[in-house]
Amino acid sequence: MRDRRRDVGDIVGVAKNENGAEVPTVDMKTCVFCELIAGKRPISVIDETEDVLAFMDIQPVNPGHVLIIPKHHAPYLGDLDSTLGGHIFAMGMRVAAALRTCGVRCEGVSLFLADGEAAGQEVFHAHLHVFPRFVGDGFGFKFSPNYFVLPPRAELNDIARGIRNALQPLPGIPEGINR
């Protein structure tokens, strides 16, 4: 497995926690989200819990675009424990419901989380985008020319088998889901 910390350059370092395990650390001067959490930059808070913060995106896709972040630095989705990931998603669900009734133009809601540079992640602190959508808003995905060429079922089955074999249990996930 590659060392994902290399993708974030000087932002993330490594330290040992009280149990001796290596954990990512962050220089507060280099992570804009950590600076927001620390009160070093202005922020328009929507909601927060002990471990999650929801606030307005300063460069919104559409009015009402909200970001939801963990309050401790975690560069990637895989750096979150499953309980915290669940809290982030639950906050996203609450914000999505609120967007539909708060008065911003909202005919639908998109949730977006980019995990890694190739996926479009620009701030290396895990974050979930929640933004209202409406017909003609101009946002969308760009698909490759091969997108409409359906792969053979055998190829899909082979890839599914590979993913299934790579699945690992996550702490905090109920037994029935975490087989």
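Values reported hereafter were calculated over all heavy atoms of this structure, with side chains retained and with hydrogens, waters and symmetry mates removed.
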With sequence neighbours excluded, what pairs up with Ala98 under the side chain to side chain contact (heavy atoms under 4.5 Å, CB included) test? none
Residues in side chain to side chain contact (heavy atoms under 4.5 Å, CB included) with Met56, at least two apart?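 Listed in chain order: Ser44, Ile46, Val66.
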Closest approach of Ala126 to Leu80 (non-hydrogen atoms, all atoms of both residues): CB-CD1, 4.2 Å
Listed by chain and number, what are the side chain to side chain donor-acceptor pair (under 3.5 Å) partners of Arg100, not counting sequence neighbours?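 Arg100 satisfies side chain to side chain donor-acceptor pair (under 3.5 Å) with no residue once adjacent residues are dropped.
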Residues two or more places apart in sequence or in another chain: which of them pass ring pair (Phe, Tyr, Trp, His ring centres under 6.0 Å) with Phe143?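 Counting only residues at least two positions away or on another chain, Phe143 forms a ring pair (Phe, Tyr, Trp, His ring centres under 6.0 Å) with Tyr147.
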Got a sec, which hydrophobics cluster with [X], joining ILVMFWY side chains under 4.5 Å apart, including via others?
X      : result
Ile163 : Ile159
Leu156 : none
Leu150 : none

Going by the salt bridge (Lys or Arg N to Asp or Glu O under 4.0 Å) test, which pairs reach into [range], not counting sequence neighbours?
range            : result
residues 124-139 : Arg133-Asp137
residues 60-73   : Glu48-Lys71
residues 49-62   : none
residues 144-167 : Asp158-Arg161

Which residue pairs satisfy the ring-ring contact (aromatic ring centres under 6.0 Å, His included) criterion with at least one member in residues 49-68, sequence neighbours excluded? Phe33-Phe55, His65-His129, His65-Phe131
For the atom pair NE2 (His127) and CG (Leu77), what is the distance rounded to the nearest 0.5 Å? 11.5 Å
Do other residues, nucleotides or ligands put more than 12 heavy atoms under 6.0 Å from Phe112 CZ?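 Count over threshold, so yes.
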